[in-house]
Undergrad: 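Okay, here's the structure, questions in a sec.
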Amino acid sequence: MKLPADLRGERLDRAISTGLHRVGRPVSVREVRLALRAGRIRVDGQRRAPGLRAQGGEAVDVETFAARHEARIEGQPELLERVTVLETWPDLWALDKPTGLPCAPLRAEERDTLLHAAVALDPEVAQAGPPLEGGLCHRLDTGTSGAVLFARRTEARDRVRAWFGQHAVEKTYLARVASGAAEALPARVDRPIGPGPQPDRVRVYAYGEALPAESHLRLLAQDQDSGWVEVRTRYGRRHQVRAHLAHAGAPIDGDALYGGREGPRLMLHAASLHLPDGRRVDAPVPSAFALPAVNP
């Protein structure tokens, strides 16, 4: 695409957005800005800053760029070698997400996510919600393993997402922490969670300053090095379990963001989901957790 001459002097991100609108590809200025910064849109073959001024006539390479609303999620059957189906119902799939696999793409051209595996199982999942989410009902952090629900129809997705929003789904996690820290854990952390000092982390607040969150903790097993903690909650705040355990003095192993010990993975596993209609999903504990004998 050539930038029209009458856009000379406009910010580059705004000029490209306007040019795309004119050729029938409406894209927000923000999406163009992010794509320019990431190098997914190039101008005259080079990366350009979004705030530069357009000269008019520049060659803008948008052939490999797709806006969020243009996304088309295609199934990736090869991912099914890494993903286990935990449960299947007429309205839902329950999948066991491995650590390291994102739940859904952030960009239209991104691949290798759990959503791509779900669509390989059932193409209708792609049409059950927005283009980059499909029937995804909730999320886990990329490093967290365990149970994730996908809806087969829009109405099922809306219903299940409403349950999560109403804190009607009981979630149980398994986390591994340092042994000494595990001994001093409280039975409950009831502290709000809100934005942190950096965009990639959250902060545990004093009461009343952020969204409420509550986590119930129970030490399941322990050896000289590690403690295995069960965390139950009906809330689903971003990084809640990670932040609450760190706040309680027991950051999760492998969680460098919140001060955990170094490790090959984030030692957090979404072990079960209990839905308000009585259905339950259980995800087997990964072998990497090496859970010892449970304390009597």
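Nothing here was measured: the structure is a model prediction, and the numbers come from that model.
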Undergrad: If you compare all heavy atoms of A250 against all heavy atoms of L185, which two are closest, and at what distance to 0.1 Å?
TA: CB-CD2, 3.7 Å
Undergrad: Output all residues satisfying side chain to side chain contact (heavy atoms under 4.5 Å, CB included) with S28, sequence neighbours left out; order by chain, then residue number.
TA: R30, E31
Undergrad: Could you grab the distance from atom CG of L136 to atom CG of L149, nearest 0.5 Å is fine?
TA: 9.0 Å
Undergrad: Going by atom type alone, with no hydrogens or angles, which donor-acceptor pairs under 3.5 Å involve a side-chain atom of residues 91-101 and a protein atom two or more places apart or on another chain?
TA:
unit_1, atom_1, unit_2, atom_2, d
D91, OD1, R279, NH1, 2.9
D91, OD2, R159, NH2, 2.6
D91, OD2, R279, NH2, 3.2
W93, NE1, D122, OD2, 3.1
K97, NZ, L101, O, 2.9
K97, NZ, D141, O, 3.4
K97, NZ, T142, O, 2.9
K97, NZ, T144, O, 2.7
T99, OG1, G143, O, 2.7

Undergrad: Holding to side chain to side chain contact (heavy atoms under 4.5 Å, CB included), I want the full list of residues that pass it with L211, two or more places apart in sequence or in another chain.
TA: R237
Undergrad: Please identify each residue that fulfils salt bridge (Lys or Arg N to Asp or Glu O under 4.0 Å) with D6, with sequence neighbours left out.
TA: R22
Undergrad: Apply the test side-chain contact (heavy atoms from CB on, under 4.5 Å) to residues T88 and L121: give CA-CA distance (whole Å), side-chain angles for both, the deciding distance (0.1 Å), then the verdict.
TA: CA-CA 11 Å; T88 178; L121 287 166; over 6 Å; no
Undergrad: With E124, which residues qualify under side-chain hydrogen bond (donor to acceptor under 3.5 Å, both in side chains), at least two apart?
TA: R153
Undergrad: Any side-chain donor-acceptor pair under 3.5 Å between Q240 and T233?
TA: yes
Undergrad: List the atom of A120, the atom of L80, and the distance in Å for their closest heavy-atom pair.
TA: CB-CD1, 4.2 Å
Undergrad: Working to the nearest 0.5 Å, report the span between CD1 of I252 and CZ of R261.
TA: 12.0 Å
Undergrad: Could you give me the CA-CA distance, side-chain angles and deciding distance for V281 and L275, then say whether side-chain contact (heavy atoms from CB on, under 4.5 Å) is met?
TA: CA-CA 8 Å; V281 179; L275 304 183; 5.7 Å; no
Undergrad: Table please: side-chain donor-acceptor pairs of residues 111-118 below 3.5 Å, with sequence neighbours left out.
TA:
unit_1, atom_1, unit_2, atom_2, d
D112, OD1, Q76, NE2, 2.8
T113, OG1, L115, N, 3.3
T113, OG1, H116, N, 3.4
T113, OG1, H116, ND1, 2.8
H116, NE2, E110, O, 3.4

Undergrad: CD of E170 to OH of Y235: how many Å apart, nearest 0.5 Å?
TA: 13.0 Å
Undergrad: Do H138 and L273 have side-chain heavy atoms sitting under 4.5 Å apart?
TA: yes
Undergrad: Applying side-chain hydrogen bond (donor to acceptor under 3.5 Å, both in side chains), can you list everything that pairs with R14, at least two apart in sequence or on another chain?
TA: none
Undergrad: Is there side-chain contact between L245 and L217, with at least one heavy-atom pair below 4.5 Å?
TA: yes
Undergrad: A side-chain contact here means heavy atoms from C-beta on lying under 4.5 Å apart; do S226 and M267 qualify?
TA: no
Undergrad: In a check of salt bridge (charged side-chain N to carboxylate O under 4.0 Å, His left out) between R176 and each of D225, D223, D253, which one passes?
TA: D253
Undergrad: State which residues pass salt bridge (Lys or Arg N to Asp or Glu O under 4.0 Å) with E109; sequence neighbours excluded, sorted by chain then number.
TA: R40, R107
Undergrad: Going by the rule salt bridge (Lys or Arg N to Asp or Glu O under 4.0 Å), which residues pair with R42 if we only count those two or more places apart in sequence or in a different chain?
TA: none
Undergrad: Taking the side chain as everything from C-beta on, heavy atoms only, tell me whether V43 gets closer than 4.5 Å to L36.
TA: yes
Undergrad: Can you list every side-chain hydrogen bond (donor to acceptor under 3.5 Å, both in side chains) pair that touches residues 184-206, not counting sequence neighbours?
TA: R188-E214
Undergrad: Please tell me if the side chains of P4 and T18 come closer than 4.5 Å, counting only heavy atoms from C-beta onward.
TA: no
Undergrad: Rounded at 0.5 Å granularity, tell me how far CZ in R157 sits from SG in C137.
TA: 7.0 Å
Undergrad: Should the pair R48-E58 be classified as a salt bridge under the 4.0 Å nitrogen-to-oxygen rule?
TA: no
Undergrad: Which atom names give the shortest non-hydrogen contact between A168 and P276, and what distance separates them?
TA: O-CD, 3.6 Å
Undergrad: Decide yes or no on side-chain contact (heavy atoms from CB on, under 4.5 Å) for V62 and R25, but give the supporting numbers first.
TA: CA-CA 11 Å; V62 291; R25 291 184 63 187; 3.8 Å; yes
Undergrad: Within the structure provided, determine whether L132 and L106 are in side-chain contact (heavy-atom separation under 4.5 Å).
TA: no
Undergrad: To the closest 0.5 Å, what do you measure between CZ (R242) and NE2 (H244)?
TA: 13.5 Å
Undergrad: Check the pair K171 / F164 against side-chain contact (heavy atoms from CB on, under 4.5 Å), numbers first and verdict last.
TA: CA-CA 10 Å; K171 299 174 281 288; F164 278 100; 4.0 Å; yes
Undergrad: With sequence neighbours left out, what residues match R280 under side-chain hydrogen bond (donor to acceptor under 3.5 Å, both in side chains)?
TA: D282
Undergrad: Using the test salt bridge (Lys or Arg N to Asp or Glu O under 4.0 Å), find all partners of R11 that sit at least two apart in sequence or belong to another chain.
TA: D13
Undergrad: Nearest 0.5 angstrom please: Y173 OH to E230 CD, how far?
TA: 12.5 Å
